[in-house]
Amino acid sequence: MNNFRFFLLFLATVSMTFVYSNRVVFGFTIICQQSGNESETETIVEPDYYLLDSLNIAWMFTATAIGMCLGPAPFYFANFLSTRMLIFSYGFLSGISSILYPFADSLGFWPALVCRFMAGFAQASQLHFTNDIVLRWTPQSEASFFFSIMLATSQFGPLFTMILGGEMCSSSFFGWEATYYILGVGTLAASIAFAYYYSDSVEENPNLEESEKKYILAGKHSLKENEAVPYKALLQDWTIWISLLMFTGYYLAMIVYQQYSPIFIKQVLHFTIRETGYFSAIPQFIAIFIKIGCGRLLDVKWGCGPKLTLVIPLLILESASAFSLFLTGFLDDRVWALICMMIFASLHFFVPVICSRTIQIRAVQHSHFALNLNMVIAGIAQILIPLGVQAAVSDNSRSQWALVFYFLVISVVITSILYTVFSKVAPAEWTMQKKSSEYTIYRLSDISPPEPITIPMPKECKF
């Protein structure tokens with residue numbers, strides 16, 4: 001098959017989009033669950049419904065976050081499973097969590113909590129699979145482009161979910177439950193297709209033509225399976241921690257936006273549910289083009305070093321996004337506040353491309369551990385954010401939300417400065433250790449003087 005790597009990229013992106021959607025869908029459908037579907041048919045919500053308690057809502061988000069913290073664990077104790085089996089297993093878990101959620105919701109708080117945990121657990125696998133595909137299946141000249149497309153699932157997912165959820169909640173025929181059924185079935189179908197066509201070995205995949213195999217593998221070192229991670233050296237590397245810290249700053253703002261922007265737009269800015277769905281989705285749509293376009297530009301050789309190539313777009317986009325978020329809290333006009341929030345989200349979603357590429361360049365074959373560690377940090381952030389938001393916006397007022405936005409602006413600015421000043425975008429020394437199964441590099445002092453070599457002289461040439 002010609003250009004099979006792009007077909008595999010498509011399957012991976014669709015599968016990851018559905019898995020991501022299953023995690024964030026609750027943040028939108030909760031509006032419908034609390035007040036009923038916005039349609040001509042009146043929906044009665046029981047007064048003792050568990051989601052009418054704000055503490056239970058916080059626990060639903062927290063359960064998803066705990067799942068994200070624990071999700072990467074199977075990669076390290078279930079290493080006897082192939083990547084193909086792991087892709088199917090995580091996708092199956094994610095799909096079932098959505099298909100069963102409406103029934104679990106009818107049973108009460110605890111069954112619904114389990115489903116939300118499963119959705120978070122499954123989504124924690126996505127950075128690991130993204131890194132694996134880039135390392136194994138991506139030519140060096142397309143690495144940032146592939147990374148940006150797969151990381152754009154954090155926009156594809158919410159974009160699709162917000163529109164789908166808005167239409168289902170506004171429908172008197174389907175209702176919010178249909179959102180979960182559609183996402184669940186789509187997840188199962190996409191994950192099965194992705195797992196079927198994927199293989200750990202580029203050389204042994206029967207769908208690749210020989211010319212494409214050579215193009216993908218050109219300039220790459222073969223990856224040693226189950227190579228020991230130098231944990232101590234990795235955890236002592238400042239660039240890894242700075243990248244993870246910037247990831248944390250990104251997650252703080254991103255999670256607040258994706259989980260609470262529908263609530264803010266609907267209940268604070270007073271737009272309808274359908275308008276909320278589309279207004280929340282527009283930044284996701286714009287961010288897709290920014291992320292993929294800039295990701296492709298990162299692969300272009302501009303004559304500057306790799307760090308400058310990453311720092312320039314980071315400073316431009318994050319400066320504009322931080323200023324827009326500040327205006328979101330500062331302005332009183334609801335339309336301008338909405339516009340500034342949309343600008344912020346459109347620009348801020350590019351940060352993961354910078355962080356992920358930095359970690360992959362710095363940690364090379366060990367980048368999977370750092371990226372999985374990032375998912376744990378993201379899960380911890382999601383545990384703390386609902387509790388923090390619950391305390392900070394207890395009255396759900398504009399002034400309280402403004403303080404939240406100002407805090408996020410400070411975190412974005414500080415993490416961007418730290419990355420610009422202190423990060424090193426080059427392979428670390430601990431990634432260049434001897435690999436006995438591949439080759440050995442000797443110093444001159446390690447070997448005895450070589451025997452004389454006789455080099456034949458060229459014959460006399462006559463013109």
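Sequence positions, counted from 1, serve as the residue numbers for this chain. Heavy atoms only: backbone and side chains are in, while hydrogens, waters and symmetry mates are out.
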**Prompt:** Can you find a heavy atom in the side chain of Phe18 that is under 4.5 Å from one in the side chain of Ser94?
**Reply:** no
**Asked** How many angstroms lie between atom SG of Cys355 and atom CZ of Phe147, to the nearest 0.5 angstrom?
**Response** 10.5 Å
**Request:** Take the angle between the ring planes of Phe326 and Tyr406 and call it parallel below 30°, perpendicular above 60°, tilted in between.
**Result:** tilted
**Asked** Going through the distances and angles, do Tyr180 and Thr29 end up as a side chain to side chain donor-acceptor pair (under 3.5 Å)?
**Response** CA-CA 9 Å; Tyr180 287 88; Thr29 60; 2.8 Å; yes
**Asked** Is a side-chain donor or acceptor of Gln123 paired with a backbone partner of Asn22 at a separation under 3.5 angstrom?
**Response** no
**Request:** Please tell me if the side chains of Ser367 and Leu135 come closer than 4.5 Å, counting only heavy atoms from C-beta onward.
**Result:** yes
**Item:** Distance-only side-chain donor-acceptor flag, Asp105 / Tyr50, under 3.5 Å
**Value:** yes
**Request:** Over all heavy atoms of both residues, which pair between Gly95 and Leu188 is shortest? Give the atoms and the distance, please.
**Result:** CA-CD2, 4.2 Å
**Asked** Is a side-chain donor or acceptor of Arg116 paired with a backbone partner of Arg23 at a separation under 3.5 angstrom?
**Response** yes
**Message:** So that I know where these two stand, are Phe109 and Trp59 an aromatic pair - ring centroids less than 6.0 Å apart?
**Reply:** no
**Pair listing, side chain to side chain donor-acceptor pair (under 3.5 Å) test, anchored in residues 343-355, at least two apart** = Glu318-His348
**Asked** Looking at side-chain heavy atoms only, is the closest gap between Tyr419 and Ser243 below 4.5 Å?
**Response** yes
**Asked** How many angstroms lie between CZ in Phe146 and CD1 in Ile292, if you round to the nearest 0.5 Å?
**Response** 11.5 Å
**Asked** Got a salt bridge between Arg5 and Glu212, using NZ or NE/NH1/NH2 to carboxylate O under 4.0 Å?
**Response** yes
**Message:** Taking the ring of Phe264 and the ring of Tyr257, is the distance between their centroids below 6.0 Å?
**Reply:** no
**Prompt:** Are any of the side-chain heavy atoms of Ser356 and Thr130 separated by less than 4.5 Å?
**Reply:** no
**Message:** Tell me whether Phe285 at atom CZ has more than 12 heavy atoms from other residues, nucleotides or ligands lying less than 6.0 Å away.
**Reply:** no
**Request:** State, to 0.1 Å, how close Lys307 and Thr420 come at their nearest heavy-atom pair, and which atoms those are.
**Result:** NZ-O, 3.0 Å
**Asked** Side chains of Phe323 and Leu327: closer than 4.5 Å at any heavy-atom pair?
**Response** yes
**Message:** Looking at every heavy atom in both Asn205 and Tyr198, which two are closest together, and how far apart are they?
**Reply:** ND2-C, 4.4 Å
**Prompt:** How many angstroms lie between atom CD1 of Ile359 and atom CD1 of Ile354, to the nearest 0.5 angstrom?
**Reply:** 12.0 Å
**Any donor-acceptor pair under 3.5 Å from Asn374 side chain to Leu244 backbone** = no
**Prompt:** More than 12 foreign heavy atoms under 6.0 Å from OH of Tyr76: is that the case here?
**Reply:** yes
**Message:** Is it the case that the side chain of Thr239 and the backbone of Lys424 share a donor-acceptor pair, with hydrogens and angles ignored and the cut-off at 3.5 Å?
**Reply:** yes
**Request:** May I ask you to check whether Asp299 and Ser141 show a side-chain donor-acceptor distance below 3.5 Å?
**Result:** no
**Item:** Ring geometry between His128 and Phe75 (parallel below 30°, tilted from 30 to 60°, perpendicular above 60°)
**Value:** parallel
**Prompt:** Short question: side chain of Gln400, backbone of Asn396 - any donor-acceptor pair under 3.5 Å?
**Reply:** yes
**Asked** Is the distance between the ring centroids of Phe160 and Phe156 under 6.0 Å?
**Response** no
**Request:** Could you give me the CA-CA distance, side-chain angles and deciding distance for Phe4 and Glu209, then say whether side chain to side chain contact (heavy atoms under 4.5 Å, CB included) is met?
**Result:** CA-CA 8 Å; Phe4 177 75; Glu209 293 187 354; over 6 Å; no
**Prompt:** Are Tyr20 and Gln126 side-chain neighbours, meaning at least one heavy-atom pair lies under 4.5 Å?
**Reply:** no
**Message:** Quick check against the 3.5 Å criterion: does Trp137 have a side-chain atom that pairs as donor or acceptor with the backbone of Leu9?
**Reply:** no
**Request:** Verify, without hydrogens or angle tests, whether Arg362 (side chain) and Val425 (backbone) share a donor-acceptor contact under 3.5 angstrom.
**Result:** no
**Request:** Would you give the length of the straight line joining atom CZ of Phe344 to atom OG of Ser324, rounded to the nearest 0.5 angstrom?
**Result:** 9.0 Å
**Request:** For atom OH of Tyr181, decide whether the heavy atoms of other residues, nucleotides or ligands shown that lie under 6.0 angstrom number more than 12.
**Result:** yes
**Asked** Measuring from Asn3:CG to Phe10:CZ, what's the distance to the nearest 0.5 Å?
**Response** 15.0 Å
**Asked** So, for Cys69 and Pro72, which heavy atoms are closest and what is the spacing to 0.1 Å?
**Response** O-CD, 3.6 Å
**Prompt:** Relative to each other, are the rings of Phe369 and Tyr231 parallel, tilted or perpendicular (30° and 60° limits)?
**Reply:** perpendicular
**Asked** If you take all heavy atoms of Phe349 and Lys291, which pair is closest and at what distance?
**Response** O-CE, 2.7 Å
**Item:** Between SG on residue Cys32 and CG on residue Leu51, distance to nearest 0.5 Å
**Value:** 11.5 Å
**Asked** Does the pair Arg296/Glu142 count as a salt bridge with the N-to-O cut at 4.0 Å?
**Response** no
**Asked** Are there more than 12 heavy atoms of other residues, nucleotides or ligands under 6.0 Å from atom OH of Tyr215?
**Response** yes
**Side chains of Trp430 and His366 in contact at under 4.5 Å (non-hydrogen atoms)** = yes
**Item:** Neighbour count above 12 (heavy atom, 6.0 Å) for Phe6 CZ
**Value:** yes
**Item:** Near-ring test Tyr260/Phe61, centroid separation under 6.0 angstrom
**Value:** yes
**Side chain Asn207, main chain Leu8, donor-acceptor under 3.5 Å** = no
**Message:** Using only atom types and a distance under 3.5 Å, with no angle test, would you say the side chain of Ser125 pairs donor to acceptor with the backbone of Ala122?
**Reply:** yes
**Prompt:** Checking side chain to side chain contact (heavy atoms under 4.5 Å, CB included) for the pair Thr64/Phe26: CA distance, chi angles, key distance, verdict?
**Reply:** CA-CA 10 Å; Thr64 306; Phe26 177 77; over 6 Å; no
**Side chain to side chain, Tyr251 and Met375, heavy atoms closer than 4.5 Å** = yes
**Request:** Give the C-alpha distance, both sets of side-chain angles, the deciding distance and a yes or no for side chain to side chain contact (heavy atoms under 4.5 Å, CB included) between Leu151 and Leu127.
**Result:** CA-CA 8 Å; Leu151 290 177; Leu127 270 181; 3.7 Å; yes
**Message:** Would Ile288 and Leu159 count as a side chain to side chain contact (heavy atoms under 4.5 Å, CB included) here? Give the steps.
**Reply:** CA-CA 10 Å; Ile288 291 171; Leu159 174 64; 3.8 Å; yes
**Item:** Tyr90 versus Gly71, closest heavy-atom pair with distance
**Value:** OH-O, 2.5 Å
**Item:** Non-neighbouring partners of Gln360 that pass side chain to side chain donor-acceptor pair (under 3.5 Å), sequence neighbours left out
**Value:** Asn131, Arg357
**Message:** Using modelled atom types and a 3.5 Å cut-off, is there a donor and acceptor pairing between side-chain atoms of Thr153 and backbone atoms of Met150?
**Reply:** yes
